[in-house]
Amino acid sequence: MKDFLQDLNPQQREAVCHIEGPLLILAGAGSGKTRVITHRIAYLVHSEGVPGPSILAVTFTNKAAGEMRERVANLIGLSDWRRAPLISTFHSFCVRLLRRDGDPLADLRPGFTRDFTIYDDDDQLALIKQIYRSLGLDDKSLPPRSVLSTISHAKNQKQTPEDFYKKAADPKASRLAVIFEQYEARLRQANALDFDDLLLETVRLLGSDEATRLAYNERFRFLMIDEYQDTNRVQYELMRLLTVSHQNVAVVGDEDQSIYGWRGADIRNILDFERDFPNARVIRLEQNYRSTKNILEAASAVVSHNTQRKGKWLWTEAGGGAPIGVYEGWDAENEALFIAHTIDNLLRDFPEDRVAVLYRTNAQSRQIEEALRRYGRKYLVVGGLSFYQRMEVKDAMAYLKAALSPDDSVSLLRIINTPARGIGKTTVEQVEREAAARGVSFWAALRALLEEGQLSARAQAALSAFVKLIGELHEAASSGMAVHQLLSLILERTGYRQMLESDPSPDSEARLENLNELLNAAADSAERGETLAEFLDHAALVSESDQLDDQAAVSLLTVHNAKGLEFPVVFLAGLEEGLFPHSRSRDSADALEEERRLCYVGMTRAQKRLYLTYARSRRRWGGGAPESSFPSRFLREVPSHLTKRLGMDHTMETVDLFAERHEVRETVKKNLYTGKTFNSIDNIAQYFAERAAQAKSHTAPSAPPPSGPPVSAPAPPPPARAAASQGGLRMGTVIQHPKYGRGTVLRREGDGDDAKLTISFPGYGLKKLVAKYAGLKVDE
DNA sequence: TGATTCTACGGTCTC
DNA sequence: CGTAGAATCA
């Protein structure tokens with residue numbers, strides 16, 4: 001048997017060997033936190049004989065969960081899926097629980113059924129806007145976004161609309177209460193849960209239904225929570241409920257890395273753990289294995305200016321390393337060029353190093369992208385618009401959601417007139433008013449109105465055609481038709497595909513490609529035996545940081561997205577007052593401390609080299625006048641003996657990026673040297689591969705892992721197969737893809753149009769495509 | 001109604 | 001600058 005305690009320091013070993021009872025691991029940055037969690041799981045399974053499925057490990061992102069799953073699999077061996085522990089995000093875990101065992105919730109939440117839909121924040125926003133319309137509110141005085149965050153906060157504090165009514169002192173506050181109440185009512189009407197509800201309702205269910213609670217305590221005898229400092233109060237309660245009968249809970253966190261206060265992360269959860277669990281064991285991991293001494297000292301010096309901390313001092317055996325580079329650009333373009341230039345030089349000397357450029361706000365990425373393009377360096381932007389947020393993809397998903405449950409008013413309204421079918425604003429508003437008056441869903445009101453024949457002839461005709469269409473799709477969805485077939489049917493029957501095909505604008509071509517990619521994903525999902533609901537769940541739960549590709553040489557991402565990651569070289573850009581720390585935190589000491597922690601997180605991502613950059617002037621948006629800015633206070637907090645001021649290198653280009661912006665943009669369109677990829681499809685494929693593997697643990701435990709390598713992982717070319725020679729696209733054929741360009745067919749599964757092809761595209765990696773949808777041409 | 005143009009306004013961070 | 005919603009025209 002493998003010795004899971006080897007290569008661990010005494011504190012890590014102590015944490016790994018702790019078996020029963022509460023455990024708090026205070027793990028500094030780079031102290032081997034993930035290592036401890038994964039080794040502890042392996043140790044429990046192999047040395048303590050704990051069945052894998054009795055262990056639940058919870059993380060915040062799918063990315064972290066996936067990585068952990070992989071590392072655990074490497075430790076305990078992939079061969080036997082029955083022994084796999086459940087490693088999941090909070091939200092996925094709750095969805096899973098509610099889908100499987102959520103029935104008792106119907107007592108607490110009238111109308112709830114297990115096939116609820118999930119509203120993501122675009123859906124939530126749409127819902128708020130619907131409410132505004134029905135109440136005749138304008139969104140000037142109460143911006144929908146801020147209302148949404150107020151509601152979310154309230155829900156996480158377990159406040160109800162009634163609480164709002166009670167304490168409402170002015171008209172604005174009582175209006176807020178009305179909106180809140182309406183919001184909740186409409187969610188229920190649509191049998192929809194928002195992200196907060198996923199957690200909240202799970203907590204309510206476990207709190208009130210003893211049988212379910214006991215069953216889950218029994219099922220998961222060991223609970224582990226990663227990034228514990230970022231849990232909110234509801235997640236905390238979930239933890240308590242899942243461990244009432246055994247208290248076998250190990251949490252790992254670092255108060256210096258708590259950066260989600262704005263979404264309800266409650267630092268008390270970590271500061272009070274010892275009080276809530278008096279018998280808790282506390283272990284500190286203070287040896288850092290990641291960074292050089294200079295980097296570690298600089299980061300520690302910055303964060304030591306905070307008052308709200310338990311206090312610890314990380315140490316390392318590593319040498320000092322390179323000094324920390326500090327660069328002052330005269331404007332943001334110059335800063336970006338410096339970064340690109342330095343990266344270019346570094347990668348020439350150390351081609352193996354991965355580089356990350358971290359920034360406070362997503363908007364900063366553009367200039368850096370443009371500078372990198374000038375140097376012809378490939379990069380990957382993490383964040384920004386994700387695949388599932390694109391208009392056409394959202395539309396298609398809305399059709400799927402509406403087909404699954406027409407009562408989902410947000411989805412129904414999204415697509416009621418897309419493509420245009422003569423149902424205008426006036427008609428929609430009429431139906432909305434009716435729905436509000438009768439207290440029913442939009443769909444119900446629509447059908448009632450049609451039956452009563454109270455509409456104008458024109459509206460009547462348009463709406464009844466629409467009702468017929470949705471009815472038909474609903475029937476198709478209920479018949480258990482495979483997801484990609486249903487989607488295909490939708491695109492044809494609704495005329496959506498036609499609409500795009502007849503649109504001459506260049507985006508519509510890209511949109512069609514995206515829909516084809518979605519079809520591919522759906523086909524994959526169907527092949528794994530997933531239901532429509534499962535497909536939709538996944539789409540709602542994937543997040544932006546899940547796109548991160550470890551192999552990319554240069555990654556651009558926000559500091560928030562960088563949590564939990566490490567890179568040999570890190571640039572922390574835009575260290576200016578008002579940007580980092582962000583202006584929004586100016587008047588709150590707590591918020592400022594959070595900014596400082598964020599800075600600490602950013603700095604400690606670096607292994608070998610760290611650069612801190614800022615600009616003396618920056619334009620807030622495109623055409624506006626440049627505004628002068630001042631170096632961030634965090635820069636002053638870095639001891640000067642650790643830093644080295646860098647100047648312009650004479651080989652650095654001094655072009656005016658702003659002036660040639662137009663040209664650069666044209667280049668992007670031609671896709672000449674951008675390395676930007678939206679590889680969410682890869683993640684979808686990978687996700688489904690993992691899901692399939694997990695599902696097999698219940699049915700056919702000895703089955704081999706899913707065929708075919710996950711597309712995003714670097715994989716050796718699959719072995720040649722005889723079947724691959726039939727049909728037009730055989731192995732080795734060079735083809736042309738509308739988006740990825742020229743590629744080579746490596747593998748083929750199935751025949752004819754339904755064949756699935758694994759194709760290698762230089763610059764994009766391996767893609768798995770369904771021949772029918774991919775739009776491939778044989779390259780002569 | 002639907003398509004097009006115009007204007008105003010915003011800009012952390014996320015499951 | 002980019003987008004969403006308003007205003008305007010067909």
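So that the names make sense, note that chain A is the first sequence line, chain B the second, and so on, each numbered from 1.
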Looking at [Y] and [X], is any side-chain nitrogen of the basic one under 4.0 Å from a carboxylate oxygen of the acidic one?
| X | Y | answer |
| --- | --- | --- |
| A:E594 | A:R597 | yes |
| A:D122 | A:K394 | yes |
| A:R96 | A:D537 | no |

Closest-nucleotide mapping onto DNA chain B: is A:S585 or A:R458 further toward the 5' terminus? I mean the 5' end.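 The residue closer to the strand's 5' end, by nearest nucleotide, is A:R458.
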For A:K425 and for A:Q124, locate the closest nucleotide of DNA chain B by heavy-atom distance; then report the residue assigned to the nucleotide nearer the 5' terminus.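 In this pair, the answer is A:K425.
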Distance, rounded to the nearest Å, where [X] contributes [atom1] and [N] contributes [atom2]:
| X | N | atom1 | atom2 | answer |
| --- | --- | --- | --- | --- |
| A:M391 | C:dT3 | CE | P | 11 Å |
| A:R145 | B:dC13 | CZ | P | 11 Å |
| A:L125 | B:dT14 | CG | P | 17 Å |
| A:R619 | C:dC1 | CZ | P | 10 Å |
| A:I259 | B:dC13 | CD1 | P | 12 Å |
| A:F580 | B:dC13 | CZ | P | 12 Å |
| A:F90 | B:dT14 | CZ | C1' | 14 Å |
| A:E627 | B:dG10 | CD | C1' | 14 Å |

Heavy atoms only, 4.0 Å cut-off, all strands: where does A:D196 land among base, sugar-phosphate and nothing?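 Nothing, no heavy atom under 4.0 Å.
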Please determine, for the side chain of [X], which listed nucleotide ([options]) has the closest atom?
| X | options | result |
| --- | --- | --- |
| A:R366 | C:dC1, B:dC15, B:dC13 | C:dC1 |
| A:A420 | B:dG2, B:dC13, B:dC15 | B:dG2 |
| A:K129 | B:dT14, C:dG5, B:dG2 | C:dG5 |

Side-chain donor or acceptor of A:Q229 paired with backbone N/O of A:I270 under 3.5 Å: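 A pair under 3.5 Å: no.
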Between B:dC13 and C:dA4 - C1' atom distance, rounded Å: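 Going atom to atom, C1' in each nucleotide, I get 22 Å.
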Is the phosphate of [N], meaning OP1 or OP2, less than 4.0 Å from a side-chain N or O of [X]?
| X | N | value |
| --- | --- | --- |
| A:T426 | B:dT1 | yes |
| A:N417 | B:dG2 | yes |
| A:T427 | B:dT1 | yes |
| A:N561 | B:dT14 | yes |

Is there a stack between A:W262 and B:dC13, judged by ring centres under 5.5 Å and planes under 30°?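 A:W262 ring centre within cut-off of B:dC13 base, planes near parallel; stacks.
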Rounded to the nearest 0.5 Å, how far apart are OH of A:Y379 and OG of A:S555?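 Rounded to the nearest 0.5 Å, the OH-OG separation comes out at 12.0 Å.
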